[in-house]
Amino acid sequence: MRATCPEIILRQEVSKDGFHRDLLIKVKFGESIEDLQTCRLLVKQSIPTGLFVDPYELASMQEKNITEAVMVSENFNIEAPSYLSKESEVLIYARQDVQCVDCFHAFLPVHYRYHRPHGEDAETLIVVSNPDLLMSCDQEFRVLKCWAQSEAAAPCALKSQDICQWSSLKYRTIHKNVTLRVPVGLTTHTSLVCSVTLLITILCSTLILKAVFKYGNVSL
């Protein structure tokens, strides 16, 4: 990137604890550029097999104007475990930050999939790669040509059928990738878990049958 080209800085981080997280993406263009008011920023985020995005949750958030994101991948199964899943892709229409004239931000809820138990390590790692940044402006300006490295076609807006040409942007990241640690079961606990599950099932079934015969007036 040339010295005369303002630097684009991307920060990707994850908030919340547990199996349900929020992926936060913040983009700063390095200096105040009034022309950005006429531009739209599209975040093309790849979702690894260890995570999933719920399209029904996205639809609900769109109605509440919380985020503007849509699934690109078809035949997507949110119930499948990680080892039977494929990577998916989400388009997020970033919003300009009201407190920063040259900043955009995007938000995406993500959830952990079920993972195979491990032999020794009680956790596995999920790596969320940095996204592609695409920009489309109502008018051309010099610095956009400085940032752009290729062209791509994508919907002009979340609910639009029109296709726009977007410029793929070069940027610098604060973190190389986001890494998540997911707790998993241990294969050495398989016998114990199966035995306890079987005992609890027998106990609960016995209690249910006892209650049915005692209070249900059931006769064989």
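From E13, atom CD reaches atom NZ of K26 across 4.5 Å, with rounding to the nearest 0.5 Å. The line from CH2 of W147 to OH of Y171 is 15.0 Å long, rounded to the nearest 0.5 Å. E151 contributes atom CD, which lies 6.0 Å from atom CD of Q165 (distance to the nearest 0.5 angstrom).
The side-chain hydrogen bond (donor to acceptor under 3.5 Å, both in side chains) check on S88 picks up nothing, with sequence neighbours excluded. A search for side chain to side chain contact (heavy atoms under 4.5 Å, CB included) contacts involving A157 returns S160, not counting sequence neighbours. Every residue was checked against the ring pair (Phe, Tyr, Trp, His ring centres under 6.0 Å) condition with Y83, not counting sequence neighbours, and none meets it. For V182, the side chain to side chain contact (heavy atoms under 4.5 Å, CB included) partners two or more places apart in sequence, or in a different chain, are F19, Y112, H115, T124, I126. Partners of S60 by side chain to side chain contact (heavy atoms under 4.5 Å, CB included), not counting sequence neighbours, listed by chain and number: K64. Every side-chain hydrogen bond (donor to acceptor under 3.5 Å, both in side chains) that R40 has, sequence neighbours left out, goes to S136, D138.
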Audit row: N177, N130, side chain to side chain contact (heavy atoms under 4.5 Å, CB included) steps and yes/no: CA-CA 6 Å; N177 291 303; N130 287 307; 4.0 Å; yes
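Among residues at least two apart or in separate chains, there is no disulfide bond (SG atoms under 2.5 Å apart) pair with a member in residues 45-91. Every pair passing disulfide bond (SG atoms under 2.5 Å apart) that includes a residue from residues 43-108 is listed here, sequence neighbours excluded: C100-C103. Evaluation of the ring-ring contact (aromatic ring centres under 6.0 Å, His included) test over residues 39-63, restricted to residues two or more places apart or in two chains, returns F52-H111.
With a 4.5 Å cut-off between side-chain heavy atoms of Ile, Leu, Val, Met, Phe, Trp and Tyr, the cluster of L158 takes in L42, V70, V72, L91, Y93, L134, W166. Residues L24, M61, F107 make up the rest of the hydrophobic cluster containing I66, defined by ILVMFWY side-chain heavy atoms closer than 4.5 Å, directly or through other members.
Of the N and O atoms on the side chains of N77 and R113, not one donor lies less than 3.5 Å from an acceptor on the other residue. No hydrogens or angles considered: nothing links the side chains of Q62 and T67 as a donor-acceptor pair under 3.5 Å.
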What pairs of donor and acceptor atoms, side-chain ones from residues 192-206 against any protein atom, are under 3.5 angstrom apart with sequence neighbours left out?
from, atom 1, to, atom 2, distance (Å)
S195, OG, S191, O, 2.9
T197, OG1, V193, O, 2.7
T201, OG1, T197, O, 2.7
S205, OG, T201, O, 2.8
T206, OG1, I202, O, 2.8

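Between I92 and A106, the shortest heavy-atom contact is CG2-CB, 3.7 Å.
You'll find the side chain of V14 stays beyond 4.5 Å of the side chain of V128, heavy atoms only.
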